[in-house]
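Read through the structure below, which is laid out as structure tokens, and then see the notes.
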Amino acid sequence: MRPRPSSAADPDGWSGQWAADPTAQPAIQTALADALSKEGQLLESMALTGNRAEVRIRNQRYIQQAEAIGRTARLMTRALPPSVETLVITSSANGMPASSVTLRRSDVERLENTEAGQIAAVASLTDAAATPAGLVYTEGLYPRLRWRVGPYLDLGLFDPQEPLRYEAGAEARARYEITPGLVLSGKLRQRVVGNTSQRGPGIPGQRGEHYTAEEYEADPSLEVTPQGVQRVRSDTRMYTGNHSPTIPELTLAWFAHPVQNVYTRVTGGLLERAYGGVSAEVLWKPVDSPLAIGVEVNRVRKRDFDGLFGFRDYEVTTGHVSAYYEFAQGYTAQLDVGRYLAGDTGATVTVTREFANGWRLGAFATKTDMSAEEFGEGSFDKGITLSIPIAWAVGTPSRDRAGSTLRSLSRDGGARLEVQDRLYDTIRDSHSTKLYQGWGRFWR
């Protein structure tokens, strides 16, 4: 934090006369954007007057949003003229303004060397305005292309015949932000090594025996189980073991915050390795409430097993109404009620806990109108989820995560579409419960 000079030392700065200079904001915005970039923050836009400044940032480094806000507040004291007293820091996610923290600059100066709870007591957390007056996007920010090439590793566990399956290779990822909220993204994979092979589902009545990939692909009748259930996940092994390049995802997504407390997403393309189509979602989530309600509808078609652009015959509409509630100590409960990929209807209950170090551990169970006989061994879907922050392993700040879902069996009942950037997980970091749980890092 940089204290302001006295009014005698900088009379023009304190009077606000600098605001009449048309070159002032571009120069301040450029300097602040450069400083924020060194702290892993992207300055998307800025609105500046003689006594108030709002910055819209995207946190690209810190796992706790409060740490990004604290560092931004201190950099604002270094970049802004002394007449600016009101500091508004708006957190943005996928081009959507998610929340605004308003601080008095004098409070930042006064409380810098105190515990974080004191600055939390004088900060105001509100929903972000859609487009405040005078908002200026940082020059040259859009369109924006980011890409990287690196290794990938897929593991398969708990198969009695193959207790450990693996596949490793090279993966190229690209993300092209066309305008705020409009994102084209995709992945391209090339297998290098592994013992995972393409294989059909198990043969009924012959434990441990499976159809060959050729048999399964040549006979469409095998895509329905003897109990009349469409195979939507029990043939997952057909999407593995490809030695040619595959495209796990290729999507165009539109994110928006159209009115207060409401967020929307529409995603189209190759949504996951097994399905492509269109997914639409609406989320109601007040910034200061532990409760959120969401609705999602998907129209998808099954992809060909080569992982490219072809599709199979199976097409389905799925959708859920979801309720989320955040408790103390990092616990979150989620209830999803709706229609799943195999056409069955029912509900999923999920309980997750996020620890102070960023680790997340959860458990879920799904029960639908599919009978235990139709579902097969296991009777209903259940499992454990684990998400580990990469920063924990590499020792440097990062928002990247490694995660997995552990199931003893992969069945068709209760199977849900996998879609990237669902709204709740996208915005919750900057809303009250999660934000204040990490507020102790404000002065880090």
Side-chain angles (χ1 to χ4, degrees), residues 1-4 28-29 31-48 51-82 84-93 96-129 138 287-288 326 330 354-358 389-392 395-401 426-444:
M1 195 278 297
R2 175 178 292 168
R4 284 175 283 188
I28 293 170
Q29 188 161 346
L32 185 56
D34 291 342
L36 284 168
S37 178
K38 295 175 183 178
E39 291 297 325
Q41 311 306 307
L42 182 70
L43 179 60
E44 292 188 342
S45 56
M46 182 176 184
L48 183 63
N51 59 9
R52 182 183 184 275
E54 177 177 349
V55 296
R56 299 201 161 189
I57 63 163
R58 186 186 308 176
N59 175 19
Q60 302 180 115
R61 178 175 296 174
Y62 302 107
I63 200 163
Q64 298 292 352
Q65 188 67 18
E67 185 168 359
I69 292 171
R71 290 181 177 240
T72 300
R74 279 168 282 169
L75 285 173
M76 291 176 76
T77 69
R78 305 181 70 84
L80 298 173
V84 179
E85 169 65 8
T86 301
L87 309 180
V88 182
I89 302 169
T90 297
S91 298
S92 175
M96 299 180 294
S99 72
S100 293
V101 173
T102 302
L103 299 160
R104 291 192 305 172
R105 187 170 178 175
S106 53
D107 287 333
V108 178
E109 295 168 335
R110 176 173 58 89
L111 299 173
E112 183 189 17
N113 295 310
T114 66
E115 65 273 14
Q118 293 198 35
I119 192 72
V122 297
S124 172
L125 178 65
T126 60
D127 191 18
T138 299
V287 71
D288 57 352
E326 295 177 290
E354 181 167 346
F355 297 89
N357 59 5
I390 295 296
W392 177 84
T396 56
S398 172
R399 291 183 61 81
D400 290 339
R401 288 179 168 273
T426 298
I427 66 167
R428 68 182 291 262
D429 283 357
S430 54
H431 281 212
S432 60
T433 304
K434 179 70 163 50
L435 180 66
Y436 286 126
Q437 283 173 355
W439 195 264
R441 302 189 69 88
F442 183 92
W443 292 121
R444 293 288 183 92

Show your working on side-chain contact (heavy atoms from CB on, under 4.5 Å) between L43 and Q29 and close with a plain yes or no. CA-CA 8 Å; L43 179 60; Q29 188 161 346; 3.9 Å; yes

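- Across T138 and A33, no two heavy atoms sit closer than the pair CG2-CB, 4.4 Å.
- R401 places a side-chain N or O within 3.5 Å of a backbone atom of G358 that can act as its donor or acceptor partner.
- Remark: L42 CG to S37 OG distance equals 7.5 Å, nearest 0.5 Å.
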Residue pair R105, T77: steps toward the side-chain contact (heavy atoms from CB on, under 4.5 Å) verdict: CA-CA 7 Å; R105 187 170 178 175; T77 69; 4.3 Å; yes

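- For Q41 and Y62, the side-chain atoms include no donor-acceptor pair closer than 3.5 Å.
- Using a 4.5 Å cut-off on side-chain heavy atoms (C-beta onward), E326 and K434 make contact.
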If you apply the rule side-chain contact (heavy atoms from CB on, under 4.5 Å), what do you find for V88 with V55, and how did you get there? CA-CA 6 Å; V88 182; V55 296; over 6 Å; no

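- Electrostatic pairing of R74 and E112 does not count as a salt bridge here, judged by no charged N lying under 4.0 Å from a carboxylate O.
- The CG atom of L103 sits 10.0 Å away from atom CD of E85, with the distance rounded to the nearest 0.5 Å.
- Listed by chain and residue number, nothing satisfies the side-chain hydrogen bond (donor to acceptor under 3.5 Å, both in side chains) test with T72 (two or more places apart in sequence, or in another chain).
- A98 and D127 get closest at one heavy-atom pair: O-OD1, 4.0 Å.
- When all heavy atoms are compared, the tightest approach of L80 to A53 is CD1-CB, 3.7 Å.
- Here salt bridge (charged side-chain N to carboxylate O under 4.0 Å, His left out) pairs that include residues 435-444, with residues two or more places apart or in two chains, are E67-R441.
- Under the 3.5 Å distance criterion, the side-chain polar atoms of S432 are matched with a main-chain donor or acceptor of V287.
- Under the 4.0 Å criterion applied to side-chain N and carboxylate O atoms, R56 and E44 are not assigned as salt-bridge partners.
- At least one donor-acceptor pair under 3.5 Å links the side chain of W439 to the backbone N or O of A116.
- Between the OG atom of S91 and the CG atom of L125 there is a distance of 8.5 Å, given to the nearest 0.5 Å.
- Of the possible donor and acceptor atoms, none in the side chain of D429 sits under 3.5 Å from a partner among the backbone N and O of H431.
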For L48 and V84: C-alpha separation, side-chain torsions, deciding distance, then whether side-chain contact (heavy atoms from CB on, under 4.5 Å) applies. CA-CA 9 Å; L48 183 63; V84 179; 4.2 Å; yes

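- Atom CE of residue M76 and atom CD1 of residue I89 lie 5.5 Å apart, to the nearest 0.5 angstrom.
- No side-chain donor-acceptor contact under 3.5 Å links S430 and Q65.
- When all heavy atoms are compared, the tightest approach of V108 to W443 is O-CH2, 3.9 Å.
- With contacts defined as side-chain heavy-atom distances shorter than 4.5 Å, the pair L75/E39 qualifies.
- There is a side-chain donor-acceptor pair under 3.5 Å between T90 and S100.
- Residues L32 and R78 form no side-chain contact, since every pair of their non-hydrogen atoms from C-beta on lies 4.5 Å or further apart.
- Between A68 and I57, the closest heavy-atom pair is O-CD1, 4.3 Å.
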